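Quick caveat: nothing in here was measured; it's all calculated off a predicted structure. Just so it is clear, the values below take in all heavy atoms, side chains as well, and ignore hydrogens, waters and symmetry mates. Throughout, residue positions are numbered sequentially from 1 according to the sequence presented.
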Amino acid sequence: MTLHAQEQTLDDELVAERAHLDLSRAALRRMRERAEALFAGGEQVAGDPYAAEMLGRTLARRVAELADDPTTPLFFGRLDFGDTDPDHAGREYHVGRRHVTDEAGEPLVLDWRAPVSRSFYRASARDPQGVAIRRRFGFSSGLLTSFEDEHLDRGEELGTASRILTAEIERPRVGPMRDIVATIQPEQDELVRADLADSICVQGAPGTGKTAVGLHRAAYLLYLHRERLRRSGVLIVGPNRAFLSYIAAVLPALGEVEVAQATVEDLIARTPVRAVDDSAVAALKHDVRMAEVLRRAVDAHIGAPTEPIMVSDGSFRWRIGLDPLHRVVEETRREGLPYATGRERVRARVVGLLQRQSEARRAESPSDAWLRRMAKAKPVTAFLDAVWPALTPEGLVHTLLADPDALATAADGLLTAEEQALLATGTKLGRTPKAAKWTAADAVLIDEAAGLIERPAGFGHVVVDEAQDLSPMQCRAIARRSEHGSITLLGDLAQGTAPWAATDWRESLAHLGKPDAVVVPLSIGFRVPAVVVAFANRLLPALAVDVPPAESLRRDGALDVRTVADLTVAAVAEVRAALAHDGSVGVIAAEDAVDGLRAALADAGVETASADDVATAARVTVVPATLVKGLEYDHVVVVEPAAIVAAEPRGLHRLYVVLTRAVSRLSVLHREPLPDPLG
């Protein structure tokens with residue numbers, strides 16, 4: 001075939017693929033219109049108000065799931081099967097973000113999570129899995145511009161030499177995080193498609209896609225176990241609101257619109273936080289020993305009966321002696337129920353003893369109204385208040401922190417006298433729980449107490465990102481919400497910046513109630529250029545963590561480290577230069593320098609945004625180093641690394657995070673000498 005004929009054939013194929021894209025978009029539009037029509041007429045077909053409400057929710061969710069973004073391609077790949085696969089021989093499948101069918105129900109686009117789509121990510125020249133040709137599509141603003149074929153049946157595989165794959169990975173970043181369904185690598189796909197019952201910990205170096213793996217696993221599990229997870233729910237836990245805003249668009253882009261997102265602080269927000277602990281006090285409150293202190297404090301409220309119960313019932317008087325009352329309390333204690341559940345169990349058993357006496361005398365079963373009256377009878381409630389008094393989480397923690405004697409009893413053998421004194425003198429509470437000025441660390445204790453008193457609602461699957469910064473007590477808060485579900489734990493021990501940052505994933509997994517979860521390292525990066533990774537890796541020996549150094553397949557990118565006379569002037573000039581390139585610009589500095597940098601950029605006519613303002617059109621974000629974890633920018637300008645390191649005890653870990661936010665270019669501006677590991 002001549003070169004001209006080859007070009008003509010390729011042009012014809014491109015026209016055909018564009019026609020298929022138009023056909024698929026029209027089909028998706030029909031699917032959405034059909035769902036909208038059903039939603040509009042739902043009340044007429046529902047049998048009762050409850051059914052109408054449930055149907056309405058289902059159809060509203062379906063309408064939202066079928067939303068189309070014209071700037072995002074409906075499909076990004078195609079699989080052409082050869083004649084070796086008995087199930088798919090000779091078939092072609094376009095692979096995309098959601099399932100699209102024609103009016104006859106035939107698939108025009110297969111969901112990337114469908115079983116057959118697995119071959120798009122896993123097939124190789126060594127193991128074609130029946131695939132003859134794997135095609136990738138290039139797009140620009142939703143328009144199909146090119147395609148690239150790998151003839152796996154002939155041993156042709158592009159891998160990282162794929163120009164379309166490389167262009168998608170290196171595409172400039174502006175606005176919220178995007179999905180990565182077009183670029184998932186085989187080792188990532190294996191994690192994404194892990195079974196729902198499996199809990200997994202991903203130790204991921206910067207740029208390895210661990211966050212994307214966690215989000216795409218959530219989407220995959222919802223696809224495979226939709227009804228089950230709709231009932232129990234899926235939760236994404238992030239380190240801060242800025243991070244959650246950054247990732248918020250990923251799951252909706254994949255058609256998943258009902259996933260809860262929260263920080264740990266959101267999860268445990270029973271009381272408003274109005275005070276700040278000294279760092280030593282906060283660290284002690286986050287110590288796992290406090291869980292046992294609280295358990296003892298709860299257990300200490302359970303007492304022993306001291307006298308029989310006498311209950312008047314019209315002309316009858318019922319008596320329960322000390323022995324059966326002792327048995328009721330001890331049996332309930334041994335069952336290990338949440339404290340409030342145990343209190344109601346004691347009440348029910350006492351009423352049961354009264355019921356037996358009534359049935360023996362009257363030869364008939366008492367009514368429900370009689371049972372309710374006995375449960376509220378003064379002798380019964382007085383007995384309950386004596387042996388199993390009502391507790392609130394706030395009241396329990398308030399008593400423990402405000403009463404040195406109560407703390408000494410509960411902490412005996414667990415906390416030293418000095419630690420007990422630190423808690424007592426370092427906590428400034430009001431006279432009552434309602435008047436208390438609680439701290440963020442107090443909120444963790446209150447949540448632990450709440451878990452001892454009442455059973456919290458749980459989720460079917462929980463994804464926890466930046467998990468290296470969770471304290472043992474925060475891990476326990478998440479564990480209570482995933483007791484009967486699985487978790488995906490994501491993090492990097494080298495990026496641990498909290499005072500209680502993890503140094504061993506096994507310890508964190510034990511606190512999370514998943515000690516047998518597998519720990520999988522991801523060390524090969526696709527986002528951060530090799531020159532940037534190599535510079536950041538100089539810090540690793542000083543971080544005292546056992547993690548493999550990050551490696552990058554990106555040979556592009558740029559690193560510029562400069563000593564400057566005026567940091568603000570140099571930063572403004574650097575931002576101006578960065579705006580000549582495509583993509584986002586992140587200016588990262590110590591917290592006390594952020595306002596000055598934003599003001600200087602504003603004076604220079606450069607519009608800026610804050611870290612949590614993802615809706616703005618501004619390409620430049622000025623963000624304190626403390627909030628940059630998990631975020632990415634095409635060009636990062638780091639202002640005065642020495643100040644970032646000096647701002648907190650684990651400053652070198654924070655600097656490692658900061659340096660690895662760049663996905664194209666990194667500029668480091670400093671007036672003070674660089675930290676020793678970088679010099």
- Query: Between OH of Y339 and OG1 of T392, what distance do you get to the nearest 0.5 Å?
  - Reply: 11.0 Å

- Query: So do the side chains of W500 and M473 get within less than 4.5 Å of each other, counting heavy atoms only?
  - Reply: no

- Parallel, tilted or perpendicular, as decided by the 30° and 60° cut-offs, for the rings of W438 and H398: perpendicular

- Query: Are any non-hydrogen side-chain atoms of Q468 and Q203 less than 4.5 angstrom apart?
  - Reply: no

- Query: Are any of the side-chain heavy atoms of E359 and P366 separated by less than 4.5 Å?
  - Reply: yes

- With the threshold set at 4.0 Å, does a side-chain nitrogen-carboxylate oxygen contact exist between D277 and K285? yes

- Task: Could you check if a side-chain atom of R506 sits within less than 4.5 angstrom of a side-chain atom of L509, using non-hydrogen atoms only?
- Result: yes

- Task: Please check if the side chain of R296 supplies one atom and the backbone of D412 the other of a donor-acceptor pair under 3.5 Å.
- Result: yes

- Kindly indicate, with the supporting measurements, whether the criterion side chain to side chain contact (heavy atoms under 4.5 Å, CB included) is fulfilled by D313 and W370. CA-CA 9 Å; D313 180 18; W370 183 92; 2.9 Å; yes

- Item | Validation row: Q474, D469 side chains within 4.5 angstrom (heavy atoms) | no

- Message: If I compare all heavy atoms of Q420 with all of L415, which pair ends up nearest, and what's the gap?
- Response: NE2-O, 3.1 Å

- Query: Checking side-chain hydrogen bond (donor to acceptor under 3.5 Å, both in side chains) against K629, which of T497, N240, D465 comes through?
  - Reply: T497

- Hey, are the side chains of L522 and L191 touching, using non-hydrogen atoms and a 4.5 Å cut-off? yes

- Is the shortest heavy-atom distance from the side chain of R455 to the side chain of T341 under 4.5 Å? no

- Decide yes or no on salt bridge (charged side-chain N to carboxylate O under 4.0 Å, His left out) for E448 and R480, but give the supporting numbers first. CA-CA 9 Å; E448 180 75 26; R480 285 188 287 278; 2.7 Å; yes

- Query: So does E344 pair up with R347, basic N to acidic O under 4.0 Å?
  - Reply: yes

- Query: Do we see a donor-acceptor contact under 3.5 Å between the side chains of R345 and T332?
  - Reply: no

- Query: Quick one: are L353 and W318 in side-chain contact, heavy atoms under 4.5 Å?
  - Reply: no

- Task: State whether the side chain of H461 and the backbone N or O of A218 hold a donor-acceptor pair below 3.5 Å, judged by distance alone.
- Result: no

- State whether a side-chain donor-acceptor pair under 3.5 Å links H225 with R228. no

